Amino acid sequence: MSVRVRIAPSPTGKLHIGTARTAVFNWLFARHHGGKFILRIEDTDLERSRPEYTENILEGLQWLGLHWDEGPIYQTQRMDLYRQKVQELLDKGLAYRAYETPAELDAMREAQKARNEAPRYDNRHRHLTPEQEQAFIAEGRQPVIRFKIDDDREISWNDLVRGTVTWKGRDLGGDMVIARAAGATEIGQPLYNFVVVVDDIDMAISHVIRGEDHIGNTPKQILLYEALGATVPQFGHTPLILNQAGAKLSKRDGVTSISDFRQMGYTAEAIANYMTLLGWSPVEGMSEIFSLEEAAKYFDFDRVNRAGAKFDWDKLNWINSQYLHHMEIPKLVELLIPYWQSAGYSVDVTSDRPWLEQLTTVIAPSLTRLDDAVAMTRYLFVPEIEFSEAAIAHLNTEGTAAAIEGVLAALRETSEPLTETRAQDIVQQVVKAKGLKKGLVMKTLRAALTGDLQGPDLAQSWLLLNQRHLDQPRLEKALTIAK
Ligand code: GLU
């Protein structure tokens, strides 16, 4: 059997990390089996669906490297097919028009509550006579179309993650609404659980892999497959992503959309890697840092955990730093440029390129997120820096003025760009000539050049500043507060 899986996001919000993780598992499964990964946009909720969310979802999946083989298929363009299938169930006598008013349904539920029963539709309009129907229509009632659910049925499936799952027909809430009906003969909007099944049949989906929150839909959907005379696919319900408190990760937890993670400076590789680890355990001997392609070689559902996976920022940060520390410098520069630009730093992407590469080499080992580079390199971009309290305190100690004067004098001797060897020579020279400790000279240089007492490599920072002609003015400014 050929493997055909799908991701079916609803464009009612930005690409959520939970949906993206489900997409990862589908993609890995498809690639592992040489199958197809299909994208379907479930945009039938006209009020909440927005084209900008669809765009955000497509962009997010592409950014993560989850390229799809077919689609996107939009449900709103397939209404005729859904209506045709509703009609088929009506014709087979497996679905019917029901005419309850909202008030009647409310009263029914209230009565059930009073009897301590679970609320459900009591199938009261399952066997209306044509006369009764006529009377309801004459009253101007708007019907819905309900699919018959046999209370005595037991529905079981072998879930790829959870093993055997069994539901009783009587726990499914009574005959289910599959479409709104615009009148006695027309069919209005077909509803969620129904269209998913029609699509999955039409798209020949072999495995439905989706979040555990859909598990309650599965028994109803299995009955619909049977009613439509189709083979039931395999189902796999993946564990949810939880917050630290163990509840489902939601908007209240702050960042949850892939575009937000992207903006925060996480790389696509790190996010995809981390999402895979949220629910899947790599095989023995495999590093925790892996590409989607590598994971696809080993991916199977035996290694997908049943329990929900807690989102762990420290782990994500660690994974992201691994990618940043090992990334090719030209690629890292490309990723950093937008962050520098949006911080308002002046960057000429062509003429500054060698300087940017040199600077990136200096900071790469200290990066956790791409946006760390903004604060970390500020002193290299902006002409005027502020001195930290610690830097000022240091510059107020004895000997700092002498150190700065010595360095300035050496720098003024030539306009040649500074080299690493010459920088070292200058420090040695100042130490000797002024009788200062090397530590003091270095600390003074750091304070004067970077405005702080800690930061990236001092010699490299000096070279970078020198190339932008920022070292001398900065030393001159520091001299005004040095002792
Ligand atoms: N549209 C559903 C969602 O966004 C997915 C439906 C499914 O995978 O069956 O949660």
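The analysis underlying the following values was restricted to heavy atoms, covering all of them including side chains, and did not include hydrogens, waters or symmetry mates. As the structure lists them, so they are numbered: ligands from 1, and atoms in each ligand from 1. Predicted, not measured: the structure shown is a model, and the values here were computed from it.
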Engineer: Would one find more than 12 heavy atoms of other residues, nucleotides or ligands at under 6.0 Å from atom NZ of Lys331?
Structural biologist: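 Count not over threshold, so no.
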Engineer: Go through it in stages, so that I can follow the logic: the residues are Phe261 and Phe311, the test is ring-ring contact (aromatic ring centres under 6.0 Å, His included), and I'd like the CA-CA distance, side-chain angles, deciding distance and then a yes or no.
Structural biologist: CA-CA 13 Å; Phe261 283 102; Phe311 192 89; 5.8 Å; yes
Engineer: Check whether Arg162 reaches the backbone of His237 with its side chain - one donor and one acceptor, N or O, closer than 3.5 Å.
Structural biologist: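 Checked: no pair found.
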Engineer: Would a line drawn from the ring center of Phe301 to the ring center of Phe299 be shorter than 6.0 Å?
Structural biologist: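 Yes, the ring centres sit under 6.0 Å apart.
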Engineer: When you measure from atom 10 (O) of ligand 1 to every protein heavy atom, which one gives the shortest distance, and what is it?
Structural biologist: His214 NE2, 2.9 Å
Engineer: Tell me the protein heavy atom at minimum distance from atom 6 (C) of ligand 1, and give that distance in Å.
Structural biologist: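 For this ligand atom, the closest protein heavy atom is Tyr192 OH, 3.0 Å.
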Engineer: Within a distance under 4.0 Å of any heavy atom of Glu42, pick out the atoms of ligand 1 and give their elements.
Structural biologist: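 Ligand 1 atoms under the 4.0 Å threshold to Glu42: 1 (N), 2 (C), 5 (C), 6 (C).
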Engineer: Are the charged groups of Arg146 and Glu100 less than 4.0 angstrom apart, N to O?
Structural biologist: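 Yes.
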Engineer: Considering only protein heavy atoms, which is closest to atom 5 (C) of ligand 1, and at what distance to one decimal place?
Structural biologist: Ala8 O, 3.3 Å
Engineer: Which ligand 1 atoms, with their elements, are less than 4.0 angstrom from a heavy-atom of Arg210?
Structural biologist: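 Selected atoms, number and element: 7 (C), 8 (O), 9 (O).
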Engineer: Check if Arg6 has a non-hydrogen atom at a distance under 4.0 Å from any atom of ligand 1.
Structural biologist: yes
